[in-house]
Amino acid sequence: MNTSQDTIYAQACENISDFQFDEKVAGVFNDMIRRSVPGYGQIIKTLGDLADKYVTPDSRVYDLGCSLGAATLSIRRNIGSRNCTIVAVDNSESMIGRCQENLGAYVSDTPVDLICGDIRDINIENASMVVLNFTMQFLAPKDRESLLNNIYQGLKPGGILVLSEKLNFEDDSVQSLLDDLHLDFKRSNGYSELEISQKRSSLEHVMKPDTLHQHEVRLKEQGFKHFNVWFQCFNFASMVAIK
């Protein structure tokens, strides 16, 4: 996959526009996510491990907000020949184009239905696994419940939803501590104070994280019987919900 260095916010900008997954971001996304999200590599690897355990023959897997296809590739490598289809969806044409190139570089018996579209318009059906990997936080809060209901209705009994998100915390002291640790993580990965500040401004209006309690309540309201966090580093977590 492309490993161009992320320097999008390295120069001072007079007017900082809202963050969007355009060609500029797609071109450096691998570097950006590696340097910004602690534990991302472990999350991607474990998505493949979870797929091995939960993906059933003749079912579908949905990667909603697939970006460059890292989660899809990890899943596809681990499920072998189960007569499954992976449906990978992203609303960014730039991401979809690069995702197609990445998927084409690996031979597999598992087909991928790559869709450039809004994940809220996708009909989930016959799914044994659904992935929302740092995706839902970019949806308007009012749309999150209906998306999860669509996922729940389309999951087979015993099917799994893996939901990775940046978290907010109800305790202000904990919020401050984990925010500081995350900022130190980004500094240690070479981001300057200017880059950190400008990117934070660009994300302010487009990324709205929930608390862990909000996630749990929302998922259980949709009918999920089992829920827990399987991974957390600072203010980033990945959760599992099982139907």
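Basis for what follows: all heavy atoms, side chains included, without hydrogens, waters or symmetry-related copies. Values in this document were obtained by computation on a predicted structure and should not be read as measured data.
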Is a salt bridge present between K186 and E193, judged by a nitrogen-to-oxygen distance below 4.0 Å? no
Under 3.5 Å, is there a donor-acceptor pair linking the side chains of N149 and Q222? yes
Give a yes or no on whether a salt bridge exists between D210 and R144, defined as a side-chain N under 4.0 angstrom from a carboxylate O. yes
Check this for me: does any side-chain nitrogen of one of R82 and D52 sit under 4.0 Å from a carboxylate oxygen of the other? yes
Does M207 share a hydrophobic cluster with I43, counting links as ILVMFWY side-chain heavy atoms below 4.5 Å and allowing steps through other members? yes
If only side-chain N and O atoms count, and only distance matters, is there a donor-acceptor pair under 3.5 Å linking D109 with S81? yes
Side-chain heavy atoms under 4.5 angstrom apart, residues restricted to Ile, Leu, Val, Met, Phe, Trp, Tyr: same cluster for L103 and I33? yes
Looking only at the side chains, is there a donor atom on one of N83 and D58 sitting less than 3.5 Å from an acceptor on the other? yes
Keeping the roles fixed (side chain from S197, backbone from L194), state whether a donor-acceptor pair exists under 3.5 Å. no
Applying the 4.5 Å side-chain criterion to the ILVMFWY set and letting contacts propagate, would V229 and V240 be lumped into a single cluster? no
Taking the side chain as every heavy atom from C-beta outward, state whether V28 and S4 have any atom pair closer than 4.5 Å. yes
When you look at Q20 and V25, which way does the side chain to side chain contact (heavy atoms under 4.5 Å, CB included) test go after all the steps? CA-CA 8 Å; Q20 54 185 327; V25 168; over 6 Å; no
Distance only, no hydrogens: is a donor on one side chain within 3.5 Å (strictly under) of an acceptor on the other, for S202 and Q198? no
Ion pair present between R218 and E145, side-chain N to carboxylate O less than 4.0 angstrom? no
Taking the six-membered ring of Y191, is the NZ or CZ of R35 close enough (under 6.0 Å from the centre) and on axis enough (within 45°)? yes
Under a 3.5 Å threshold, yes or no: a donor from one side chain and an acceptor from the other, between D63 and N133? no
So if you build clusters from Ile, Leu, Val, Met, Phe, Trp, Tyr with side-chain heavy-atom gaps below 4.5 Å, do V61 and V89 land together? no
Partners passing ring pair (Phe, Tyr, Trp, His ring centres under 6.0 Å) against F21 (at least two apart in sequence or in another chain): F19, F138
Against S164, only a single residue in F134, F236, Y40 fulfils side-chain contact (heavy atoms from CB on, under 4.5 Å); can you say which? F134
Does NZ or CZ of R77 fall inside the cone over Y106's six-membered ring, less than 6.0 Å from its centre and within 45° of the axis? yes
Do K243 and Y152 form a cation-pi contact, if we require the NZ or CZ to be under 6.0 Å from the six-membered ring centre and within 45 degrees of the ring's axis? yes
Salt bridge E204-R200, side-chain N to carboxylate O under 4.0 Å: no
Are K24 and D22 within salt-bridge range, i.e. N to O under 4.0 Å? no
According to a hydrophobic-cluster definition based on side-chain heavy atoms being under 4.5 Å apart (Ile, Leu, Val, Met, Phe, Trp, Tyr only), do L155 and L148 belong together? yes
